[in-house]
**Q** 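I'd like to ask some things about the structure below.
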Amino acid sequence: MWKNIDIAVEKTTKLKDKPEADKLGFGRHFTDHMFLMDWNRELGWHQARICPYQPFHMDPAATVLHYGQAIFEGLKAYRGDNGQIYLFRPEDNLERMNRGAVRMSMPRFSVDLVLKGLKALVYLDRDWIPAVNGASLYLRPTMIGVDPYLGLKPADTYTFYIIMSPVGSYYSGGFSPTKIYVCRDYVRAVKGGVGEVKTAGNYAASLLAYDMANKAGYTQVLWLDACERKYVEEVGTSNIFFVLDDTVVTPPLGGSILGGITRDSVINLAQNWGMTVQERPITIDEVLAASRDGRLKEAFATGTAAVISPVGELFCDETSYPINGGAAGPLAERLFAELQAIQYGRGEDPFNWRMRVG
Ligand SMILES: *Cc1c(COP(=O)(O)O)cnc(C)c1O
């Protein structure tokens, strides 16, 4: 499928040295090749190509550098036990990116073409996919406006590219819970804004709160809604779930929350296991009251990077609320095991989420 495609391939003449599999970290190393294509008003998307990984030449007036027309995605390629290569729901990432393009006045692209390019790129650089359990190859499709023009308007030229980075297991030290800081001072997104889009500015705007949480000894921020600062929205760059008694609760996608593919997968799996899942507004007060009453059994965050990240403690208004005695809960453990089994090709794939590349 990745053969005989209308995407020009220029291979590098010098392969890079690969980092050691146990020292990968996240997003520090990049593979030998990248995918690129260009857009202008006359030709639309054109010149789809794979070429050696290299820096861009960019005009200092490029619109992305001033007004932030930038959207991106994050997904992974996984190496199965017998060397097979899998992607997880890649079309969902690309369709989400296209929805983001519309919101950011950027051009849409053909999901089929980009998926072809993405698979060809993964296959070409397949030796970079770590064969270590929990490790993977992180893929970063990105689109930016590149006109040299300082007037504020949608750009007339865009670059789309995909770079890839081998990443280590998120849980090399075990499936350990995080400590979360409930942020009252800053907000991430408002309905009607761009919170549901993976656009660069959202992340720049989150860094100060993240710093504050870090200084207080917490790894991530729990965001509340921007209007009333009352409803739970997300945790860092992940969606959030609570288990209240036997019910799984997660905030609804109302425009200010990023619709995670892991979030959707978790909802489907839990429902398939016969659990009650509610997508409904939930206040931080309800969560903290449930913690005091012993009804808050578990909390966990979901996202491509960590898959499932159990929350062991919430810190809100100078008070600490331990969850499940600070340990990972049974549902978080089960979801993590099940999603990994699907992603690494070790288990059944009842929802057809897995896509084989090679
Ligand atoms: C990427 C992201 C998520 C998680 O989405 P996945 O598709 O599950 O990786 C959640 N929240 C924010 C703000 C994100 O950027």
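Just so it is clear, the structure is predicted and the values come from calculations on it, not from any experiment. As the structure lists them, so they are numbered: ligands from 1, and atoms in each ligand from 1.
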**Q** State the atoms of ligand 1, each with its element, that fall below the 4.0 Å cut-off from a heavy-atom position in Thr304.
**A**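 Within the 4.0 Å cut-off of Thr304, ligand 1 contributes 6 (P), 7 (O), 8 (O), 9 (O).
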**Q** Minimum distance, heavy atoms only, to atom 2 (C) of ligand 1: which one of Lys198, Glu73, Arg89, Arg188 is it?
**A**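 Looking at heavy atoms only, Lys198 sits closest to atom 2 (C) of ligand 1.
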**Q** Using a strict 4.0 Å threshold on nitrogen-to-oxygen distance, state whether Glu286 and Arg280 make a salt bridge.
**A**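 Yes.
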**Q** Short N/O distance, under 3.5 Å, between Thr302 and ligand 1?
**A**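 There is no such contact.
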**Q** Is any NZ, NE, NH1 or NH2 atom of the basic residue among Arg188 and Glu233 found under 4.0 Å from an Asp or Glu carboxylate oxygen of the other?
**A**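 Salt bridge flag = no for Glu233 with Arg188.
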**Q** Give me the residue, atom name and distance of the protein heavy atom closest to atom 8 (O) of ligand 1.
**A**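 Closest protein heavy atom to atom 8 (O) of ligand 1: Thr262 OG1, 2.6 Å.
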**Q** Would you say the side chain of Val114 lies within less than 4.5 Å of the side chain of Ile162, judging by non-hydrogen atoms?
**A**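 Of all side-chain heavy-atom pairs linking Val114 with Ile162, at least one is under 4.5 Å.
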**Q** Less than 4.0 Å between a side-chain N and a carboxylate O, is that true for Asp285 and Arg292?
**A**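 No salt bridge links Arg292 with Asp285.
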**Q** May I ask you to decide if the ring planes of Phe160 and Phe35 are parallel, tilted or perpendicular, using 30° and 60° as cut-offs?
**A**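 Correct class here is perpendicular.
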**Q** Give the atom numbers and elements of ligand 1 that come within less than 4.0 Å of a heavy atom of Arg96.
**A**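 Near Arg96, meaning under 4.0 Å from one of its heavy atoms, ligand 1 has 5 (O), 6 (P), 7 (O).
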**Q** Quick check for you: to the nearest 0.5 Å, what is the distance between Phe56 atom CZ and Met34 atom CE?
**A**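 Rounded to the nearest 0.5 Å, the CZ-CE separation comes out at 4.0 Å.
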**Q** Number the atoms of ligand 1 from 1 as they appear, then name those within less than 4.0 Å of a heavy atom of Thr237, with their elements.
**A**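 The list of qualifying atoms is 2 (C), 3 (C), 4 (C), 10 (C), 11 (N), 12 (C), 13 (C), 14 (C).
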**Q** What about Tyr170 and Phe336, are their ring centers closer than 6.0 Å?
**A**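 No.
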**Q** If the cut-off is 4.0 Å to any non-hydrogen atom of Glu234, which atoms of ligand 1 fall inside it?
**A**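 Near Glu234, the atoms of ligand 1 are 10 (C), 11 (N), 12 (C), 13 (C).
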**Q** Can you list the ligand 1 atoms lying under 4.0 Å from a non-hydrogen atom of Tyr203?
**A**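 Within the 4.0 Å cut-off of Tyr203, ligand 1 contributes 13 (C), 14 (C), 15 (O).
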**Q** How close does the nearest protein non-hydrogen atom get to atom 5 (O) of ligand 1, and which residue and atom is it?
**A**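 In this structure, atom 5 (O) of ligand 1 has Gly260 CA, 3.3 Å as its nearest protein heavy atom.
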**Q** Check each heavy atom of Ser238 against ligand 1 and say whether those closer than 4.0 Å belong to the side chain, the backbone, both or neither.
**A**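 The backbone, only.
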